[in-house]
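Contents: one structure, followed by commentary.
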Amino acid sequence: MPVSRDQRKNIFIIGMDEANLRTLEAVPDADDFRLHPLLSVKELQEDATTVDELLTRARAVLDAHEGSIDAIVGYWDFPTSTLVPLLSKEYGTTSTSLESVVKCEHKYWSRLEQQKVIDQHPRFGIVDLDSDDPQPPEGMSFPMWLKPALAYSSELAFGVSDMGEFRTAVAEIRGGIARVGKPFEAILDLLELPPEMAGVGGQVCLAEEAMTGIQVAVEGYAHQGEVTVYGVLDSINYPGSSSFLRHQYPSTLPAPVIQQLHQVSERTMRQIGMDNATFSIEFFYDPKTGDVSLLEINPRHSQSHAEMFHFVDGVPNHHRMFRLALGGDPALPPGGGRYKVAAKWYYRWFGEGRVHQVPTAEEIAAIERDIPGVHIDMVPAEGQKLSTVHGQDSYSYEVAHIFTGGDDEDDLRRKFDACVAALGLSFDETEPGGRGRNSS
């Protein structure tokens, strides 16, 4: 029975956006919650705003609120991921610790923690960006990946196969690392760092030997000291590319592999010390050797998978985020979704250009009515130059996210192809060759 209006729980969502609102409001007992936006996505991801400024703006909203502040949550990467524990501590709401978040987000610190409890990770090391002649870390060989200690959506992450590509990637990272790395250092200053992190800072470049195989994502949560994995998803790339084509749930990997992913994830997150929060971990699985290797940990709720869980489980994974933040049990209610499998597709363009004939909201709604079990989120606006879209990877441009639910994988693909055809996007001013495809 729904609670009365004045008894509803007030949940403040950092970076609440229109694309997620539908699934946020589709959680069980949604009528028992009042959802409040706290900071905009533009403030968080595009404006040149310091963490202190964001905290000041958030405090102003929270202090002006008349009523209880029952939960503070977010589902974006830095700085949102760190604002949640900082504000939760100030306002007495439930969250994991700031240290546990930073141990995940700082890719070098994360590797140091991982190697204490697991062997399923690549060789790694630091590249000296200040050197006149930067070199790969000692003992490492090509191919490898270079990436900042903190980045998201694979921004400034480059696969390199020789010294020429290595030097080019170092120059790109050196030129762009401060945008996120500098504000990240303000967060590091709030923590008591271990000796192995002394002098490392937030503007550091990490090198990791390339991993091969099938990409897979693990979703889980920590609650009252216990770590639980609740979902495993396959991640399929465009052929010959490191860019995602789709995520698919549930995973098609063999049961013993999934069990190993559970075990490695649980061991790692216990070492990290996360509690009362959700997480997502990306892995590679090599079917030739049977080995799994941990790629990276995302210490936040994975909002981009919510529609898939809704299609298959009948409940968006936002449910677990809300329940944990309110101090409750994040287990799912009984029942299931309408479909056996689901996918999030990334409709990409591998060349620079401007996008045209972007459908209106009404036209997209018509496509969704005509093709049951789909949901479409456009990324660029009409006429927008693709390189101006925030948060793209180093090799392609996302133009739409297409969610599909179906009876099997063939059904998912048919619906995706039908959506792409119905969208009818066109591109002009495309530069010959566009972004090069990387075969890592």
Item to complete: Would you give the length of the straight line joining atom CE of Met308 to atom CG of Asp313, rounded to the nearest 0.5 angstrom?
Response: 11.0 Å

Discussion item. Salt bridge (charged side-chain N to carboxylate O under 4.0 Å, His left out) for Glu296 and Lys147? Distances and angles first, verdict last.
Written reply: CA-CA 12 Å; Glu296 66 180 21; Lys147 58 190 74 173; 5.0 Å; no

Worksheet entry | All ring-ring contact (aromatic ring centres under 6.0 Å, His included) counterparts of His305, not counting sequence neighbours | His247

Discussion item. Using side-chain heavy atoms (C-beta onward) and a distance below 4.5 Å, is Asp32 in contact with Phe322?
Written reply: no

Discussion item. Quick check: closest heavy atoms across Gly139 and Arg123, and the distance to 0.1 Å?
Written reply: O-NH1, 3.1 Å

Worksheet item: Could you walk me through whether Glu208 and Lys107 pass the salt bridge (charged side-chain N to carboxylate O under 4.0 Å, His left out) check?
Response: CA-CA 10 Å; Glu208 299 179 342; Lys107 291 179 170 58; over 6 Å; no

Discussion item. When you compare the side chains of Thr252 and Gln248, does any donor N or O come within less than 3.5 Å of an acceptor on the partner?
Written reply: no

Worksheet entry | Worked verdict on Asp411 versus Arg414 for salt bridge (charged side-chain N to carboxylate O under 4.0 Å, His left out) | CA-CA 5 Å; Asp411 196 16; Arg414 281 192 297 270; 3.7 Å; yes

Worksheet entry | Contact summary for Ala30 and Glu25, nearest pair of heavy atoms | CB-O, 3.3 Å

Worksheet item: Are side-chain heavy atoms of Phe309 and Val315 found at a separation under 4.5 Å?
Response: no

Worksheet item: What about the rings of Trp349 and Phe427, do their centers lie closer together than 6.0 Å?
Response: yes

Worksheet item: Does the side chain of Leu326 come within less than 4.5 Å of Thr93's, by heavy atoms?
Response: no

Worksheet item: So, the side chain of Thr278 versus the backbone of His301: is there a donor-acceptor pair under 3.5 Å, distance only?
Response: yes

Practice prompt. Would you confirm whether Ser110, through its side chain, and His106, through its main-chain N or O, come within 3.5 Å as a donor-acceptor pair?
Written response: no

Discussion item. Less than 3.5 Å apart, any donor N or O on the side chain of Ser265 or Thr268 sitting next to an acceptor on the other?
Written reply: no

Worksheet item: Within a reach of under 6.0 Å around NZ of Lys116, are more than 12 heavy atoms found that belong to other residues, nucleotides or ligands?
Response: yes

Discussion item. Would the distance check show the side chain of Lys415 and the main-chain N or O of Pro372 forming a donor-acceptor pair, the cut-off being under 3.5 Å?
Written reply: yes

Discussion item. Surrounding CG of Asp119 (heavy atoms of other residues, nucleotides or ligands, distance under 6.0 Å), is the total greater than 12?
Written reply: no

Discussion item. Quick one: does any side-chain atom of Asp275 pair with a main-chain N or O of Gln224 as donor and acceptor, under 3.5 Å?
Written reply: yes

Worksheet item: How would you list, by chain and number, every residue that makes a ring-ring contact (aromatic ring centres under 6.0 Å, His included) with His375, sequence neighbours excluded?
Response: none

Worksheet item: So Ile13 and His36, side-chain contact (heavy atoms from CB on, under 4.5 Å) or not? Walk me through it.
Response: CA-CA 6 Å; Ile13 302 176; His36 305 269; over 6 Å; no

Fill in: Contact check, side chains of Leu146 and Phe166, non-hydrogen atoms, under 4.5 Å
yes

Practice prompt. Evaluate the side-chain hydrogen bond (donor to acceptor under 3.5 Å, both in side chains) criterion for residues Gln120 and Ser293: first the C-alpha distance (whole Å), next the side-chain angles of each, then the deciding distance (0.1 Å), finally the verdict.
Written response: CA-CA 5 Å; Gln120 293 87 350; Ser293 189; over 6 Å; no

Discussion item. Measuring centre to centre across the rings, with the benzene-like ring taken for any Trp, is Phe403 within less than 6.0 Å of Phe311?
Written reply: no

Practice prompt. Apply side-chain contact (heavy atoms from CB on, under 4.5 Å) to the pair Asp17 and Val41, showing each step before the final yes or no.
Written response: CA-CA 7 Å; Asp17 60 324; Val41 175; 4.0 Å; yes

Worksheet item: Do Pro137 and Val127 come within less than 4.5 Å of each other through their side chains, counting heavy atoms only?
Response: yes

Discussion item. Checking Ser302 against Ser280 for the side-chain hydrogen bond (donor to acceptor under 3.5 Å, both in side chains) test, could you report, in this order, the C-alpha distance in whole Å, the side-chain angles of both residues, the deciding distance, and whether it holds?
Written reply: CA-CA 7 Å; Ser302 186; Ser280 175; 4.5 Å; no

Practice prompt. Could you give me the CA-CA distance, side-chain angles and deciding distance for Asp234 and Tyr249, then say whether side-chain contact (heavy atoms from CB on, under 4.5 Å) is met?
Written response: CA-CA 7 Å; Asp234 295 331; Tyr249 174 69; over 6 Å; no

Discussion item. Does either side chain, that of Glu282 or that of Asn298, offer a donor lying less than 3.5 Å from an acceptor on the other one?
Written reply: yes

Discussion item. Please identify which of these residues, Tyr346, Phe350, Trp345, Phe244, meets the ring-ring contact (aromatic ring centres under 6.0 Å, His included) condition with Tyr238.
Written reply: Phe350

Practice prompt. Would you check, one step at a time, whether the test side-chain hydrogen bond (donor to acceptor under 3.5 Å, both in side chains) holds for Ser81 with Glu105?
Written response: CA-CA 9 Å; Ser81 54; Glu105 292 234 289; 2.6 Å; yes

Item to complete: Taking the side chain as every heavy atom from C-beta outward, state whether Ile367 and Ile376 have any pair of such atoms under 4.5 Å apart.
Response: yes

Practice prompt. Would you mind reporting whether Phe279 and Val227 have side-chain heavy atoms less than 4.5 Å apart?
Written response: yes

Worksheet entry | Evaluation steps, salt bridge (charged side-chain N to carboxylate O under 4.0 Å, His left out), between Glu409 and Arg246 | CA-CA 11 Å; Glu409 190 172 304; Arg246 72 180 185 272; 3.1 Å; yes

Worksheet item: Does Gln384 use its side chain to pair, donor to acceptor, with the backbone of Ala381 at less than 3.5 Å?
Response: yes

Fill in: Tyr230 six-ring face occupied by Arg320 cation (under 6.0 Å, within 45°)
yes

Discussion item. Checking Ser40 now: which residues fulfil side-chain contact (heavy atoms from CB on, under 4.5 Å) with it, not counting sequence neighbours?
Written reply: Lys42, Glu43

Practice prompt. Determine, stepwise, if the pair Lys344 / His401 fulfils side-chain contact (heavy atoms from CB on, under 4.5 Å).
Written response: CA-CA 7 Å; Lys344 176 185 179 179; His401 300 150; 3.8 Å; yes

Practice prompt. With the side chain counted from C-beta on, respond yes when Ile69 and Asn10 share a heavy-atom pair under 4.5 Å apart, and no when they do not.
Written response: no

Worksheet item: Is it true that Phe184 and Phe78 have ring centroids separated by less than 6.0 Å?
Response: yes

Practice prompt. Please list, chain by chain and in numerical order, all residues satisfying side-chain contact (heavy atoms from CB on, under 4.5 Å) with Leu193, sequence neighbours excluded.
Written response: Trp109, Leu188, Leu191, Met197

Discussion item. Show, in sequence, the C-alpha distance, side-chain angles and deciding distance for Thr168 and Glu172, and conclude whether the side-chain hydrogen bond (donor to acceptor under 3.5 Å, both in side chains) test is met.
Written reply: CA-CA 6 Å; Thr168 300; Glu172 289 272 355; over 6 Å; no

Discussion item. According to side-chain contact (heavy atoms from CB on, under 4.5 Å), who are the partners of Pro254, at least two apart in sequence or on a separate chain?
Written reply: Pro256, Val257

Worksheet item: Is the number of heavy atoms from other residues, nucleotides or ligands under 6.0 Å of Glu226 CD greater than 12?
Response: no

Fill in: Those residues that, when tested against Val420, pass side-chain contact (heavy atoms from CB on, under 4.5 Å) (two or more places apart)
Tyr347, Ile402, Phe416

Item to complete: Measure from the side-chain N and O atoms of Trp76 to the backbone N and O of Gly15, and report whether any donor-acceptor pair falls under 3.5 Å.
Response: yes

Fill in: Check ion pair Glu307-Arg22 (N to O, under 4.0 angstrom)
yes

Worksheet entry | Nearest-0.5 Å distance, CD1 of residue Ile14 to CG of residue Leu38 | 5.0 Å

